[in-house]
Amino acid sequence: MENTNSGTGTNAKRLFYGSCFALITTAFSFAIAAGILDQLKTELALSASQAGLITSMWFLGFPISMVIGGLIYHKIGGKIIMQFAFFAHAIGILLLIFSGNYIGLLIANLLIGLGNGCTEAACNPMIADAYKGNRMSTMLNRFHMWFPGGIAIGSLLSGFMTDFDITGQSQVWLLLIPAIIYAYLFYGQTWPKAKIEEAATISGNLKGMFTPLFLFIGICMALTAISEFGPNQWVGLILSKSGAEPTLILALTAGLMAVARYFGGSMVAKFNQTGVLLGSAVLATLGIYLFSTQTGTMAYVAAIFFALGVAYFWPNMIGLTATKTPKTGALGMSIIGAIGMFSSSIFQPIIGGWIDSDVDKIANSSLNVSGKTFSEAKNIFESKENLSEAASLINVSESNLESSINNVILESGQETLGTMVLFPAILIVLFTILYFWMKSTKDSNKEITNA
């Protein structure tokens, strides 16, 4: 790995490795939160909307710290931002472990989200400043490889611990391991300076942001983020009732994304950023559609299409911002990332509401009971207490109780996933526009150069 800032005393290799472990911390928080979400819903008797709000705190803290971090990156430096990240991670993790109530979980996820946002705010511009050209695209993709890679590792560890009855908040101790490693790797390191002078000033950043291209990228980012995080957060809860293993689906999706991102630089070199993003939108649409219509073994096929679709969204949206709007600097990359996370924060409880609404509709049509009554019966069934009462609530025999509950959860969940197909479908249109926009800009620049 080349060290492009050796002249300034910057250890690019160590900073890059530290960034990867910081992103693994983010990934573990996402994977383990998803892994214990169903357990917490049962333990605390939470609705899907409440579970969605807990998840949304993770996404809300992310954009807040990303925007603030982007604003102050060139004033205080990435080192101090990552020191705060470690503080927020450590306090949030400990609170998540020892809190046994709804409010505590909200605060813990908010703090962890703040730490995760600081990671993006500090590490993306560091990599953009430390490397050039396609090497920068390669390193950004390899940095972001560790989000799905960490999710794959974290989800497998979460499933393994669950099999040994290590459940709920007890699994959260794992998050401290990569957090301590990244704190050590960043300790005492010098960070690279901005490559473009204007990128190091707020006025230069703002001037670069008030352009049609940057605003268009922002709209696309909002949709790419929810296309990735929306299905990922809920698909395990839904497809577990179809005969598919949710932890394996999450690990398969994340593992494929990690491999795809490792080779991301080569893909960008061959098809360019907009071509890669357009192809990704097509595959993501197909993947979510298959999730909404298929069960059992075919759910794994859906996971493959989905993973290959969303793998290049996040790193290449950040890379597109860095290469096509370079004057926006660290703030521009942070704003784009914040838009993605803020979009997810807004949509997570909405998606939870869609699930509640679809449960109400399916329960009403198939069992002739309300969604509230169905949820009450489901909670009784999952607690393994008084199964006859649960069966009587939804008008089925005790022998048909489990299958009736699973069918409603599966049908309502797939109905919601069918609604989510709209997100990447819209992106196909937007990235087609962006592809020809960039092509026409490139052709115009060639004409000016030739003249």
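With contacts defined as side-chain heavy-atom distances shorter than 4.5 Å, the pair Met267/Asn141 does not qualify. Ile217 has its side chain within reach of Leu213: a pair of non-hydrogen atoms, C-beta onward, lies under 4.5 Å apart. Considering only heavy atoms from C-beta on, Thr224 comes within 4.5 Å of Phe431 through its side chain. Contact check for Trp191 versus Met82: side-chain heavy atoms found under the 4.5 Å cut-off. Side-chain atoms of Trp354 and Glu415, non-hydrogen and from C-beta on, never get closer than 4.5 Å to each other. Within the 4.5 Å cutoff, no side-chain heavy atoms of Phe86 are placed close to those of Tyr187. When side chains are defined from C-beta on, Asn116 does not count as touching Met66, because their heavy atoms never get closer than 4.5 Å. Looking at heavy atoms from C-beta onward, Leu96 lies out of side-chain contact with Ile93 at the 4.5 angstrom threshold.
The SG atom of Cys220 sits 4.5 Å away from the CG atom of Leu430 when rounded to the nearest 0.5 Å. Taking CG of Leu427 as the start and CG of Leu223 as the end, the distance is 4.5 Å to the nearest 0.5 Å. Once rounded to the nearest 0.5 Å, the distance linking CG of Leu95 with CG of Leu105 reads 8.0 Å. Distance check: Met139 CE to Met145 CE gives 9.5 Å after rounding to the nearest 0.5 Å. Here the straight-line distance linking atom CD1 of Ile24 with atom CG of Leu174 works out to 12.5 Å at 0.5 Å rounding. Going from atom CG of Asn11 over to atom CG of Leu185 covers 9.5 Å, rounded to the nearest 0.5 Å.
Between Tyr17 and Trp146, the ring center distance fails the sub-6.0 Å criterion.
For Ala22 against Thr119, the heavy-atom pair with the smallest separation is CB-CG2, 3.6 Å. Heavy atoms only, all atoms of each residue included: Phe143 and Ser19 are closest at CE1-O, 3.2 Å. Nearest approach of Ser344 to Phe229, heavy atoms of both residues: OG-CD1, 3.6 Å. Nearest heavy-atom pair, Ser343 versus Ile226, reported as atom, atom and distance to 0.1 Å: OG-CB, 4.0 Å. Contact detail for Pro178 and Phe28: the closest heavy-atom pair is CG-CD2, 4.1 Å. Here the closest non-hydrogen pair linking Ala322 and Met333 is CB-SD, 4.1 Å.
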Would you check, one step at a time, whether the test side chain to side chain contact (heavy atoms under 4.5 Å, CB included) holds for Ile112 with His89? CA-CA 5 Å; Ile112 292 172; His89 275 146; 4.3 Å; yes

Output, in order, the C-alpha distance, side-chain angles, deciding distance and verdict of side chain to side chain contact (heavy atoms under 4.5 Å, CB included) for Leu286 and Val282. CA-CA 6 Å; Leu286 180 58; Val282 173; 5.8 Å; no

Asn124 vs His144, test: side chain to side chain contact (heavy atoms under 4.5 Å, CB included). Steps then yes/no. CA-CA 9 Å; Asn124 280 322; His144 286 283; 3.0 Å; yes

Starting from the C-alpha separation in whole Å, work towards a yes-or-no answer on side chain to side chain contact (heavy atoms under 4.5 Å, CB included) for Tyr131 and Thr138. CA-CA 9 Å; Tyr131 301 95; Thr138 298; over 6 Å; no

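Annotation: cation-pi pair Arg14/Phe21 absent, no NZ/CZ under 6.0 Å from the ring centroid and within 45° of its normal.
For the side-chain contact (heavy atoms from CB on, under 4.5 Å) test, residues two or more places apart in sequence or in another chain that qualify with Val301 are Met298, Phe305. Looking at residues two or more places apart in sequence or on another chain, you find a ring-ring contact (aromatic ring centres under 6.0 Å, His included) between Phe164 and Phe160. A search for side-chain contact (heavy atoms from CB on, under 4.5 Å) contacts involving Pro148 returns Ala254, Met257, Ala258, Arg261, not counting sequence neighbours. Tyr289 pairs by the side-chain contact (heavy atoms from CB on, under 4.5 Å) definition with Ser292, Thr293, Val421, not counting sequence neighbours. The ring-ring contact (aromatic ring centres under 6.0 Å, His included) search around Phe347 returns Phe423, not counting sequence neighbours. For Phe214, the side-chain contact (heavy atoms from CB on, under 4.5 Å) partners at least two apart in sequence or on another chain are Met209, Thr211, Thr321, Thr325, Thr328, Ile335, Ile336.
Contacts classified as side chain to side chain donor-acceptor pair (under 3.5 Å) and involving residues 421-437 (residues at least two apart or in different chains) are not found. Residue pairs that meet the salt bridge (charged side-chain N to carboxylate O under 4.0 Å, His left out) test with at least one member in residues 86-110, sequence neighbours left out, do not exist here. Pairs passing the salt bridge (charged side-chain N to carboxylate O under 4.0 Å, His left out) check and including a residue from residues 278-295, sequence neighbours excluded, do not occur. Within the structure, the side chain to side chain donor-acceptor pair (under 3.5 Å) test picks out the following pairs touching residues 264-273 (sequence neighbours left out): Asn272-Thr274, Gln273-Thr323. For residues 274-293, the set of pairs meeting the salt bridge (charged side-chain N to carboxylate O under 4.0 Å, His left out) definition, not counting sequence neighbours, is empty.
For Tyr102, the OH atom counts as densely surrounded, since its 6.0 Å shell holds more than 12 non-hydrogen atoms of other residues, nucleotides or ligands. Within 6.0 Å of OH in Tyr184 there are 12 or fewer heavy atoms belonging to other residues, nucleotides or ligands. Summarising the local packing, CZ of Phe342 is surrounded by 12 or fewer heavy atoms from other residues, nucleotides or ligands at distances under 6.0 Å.
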Show the atom names and distances, to 0.1 Å, of all donor-acceptor pairs under 3.5 Å that link a side chain in residues 309-320 to residues at least two apart or in another chain.
from   : atom 1 : to     : atom 2 : distance (Å)
Tyr312 : OH     : Ala260 : O      : 2.8
Trp314 : NE1    : Glu120 : OE1    : 3.3
Asn316 : ND2    : Tyr312 : O      : 3.0

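The backbone N or O of Leu331 lies less than 3.5 Å from no partner atom in the side chain of Ser334, so there is not a single donor-acceptor pair. A distance-only check finds a donor-acceptor pair linking the side chain of Ser65 to the backbone of Leu114 [under 3.5 Å].
Using bins of under 30°, 30° to 60° and over 60° for the plane-to-plane angle, the ring pair Phe87/Phe84 lands in the tilted bin. Note on ring orientation: taking the six-membered ring where Trp is involved, the planes of Phe147 and Phe30 are tilted (angle from 30° to 60°).
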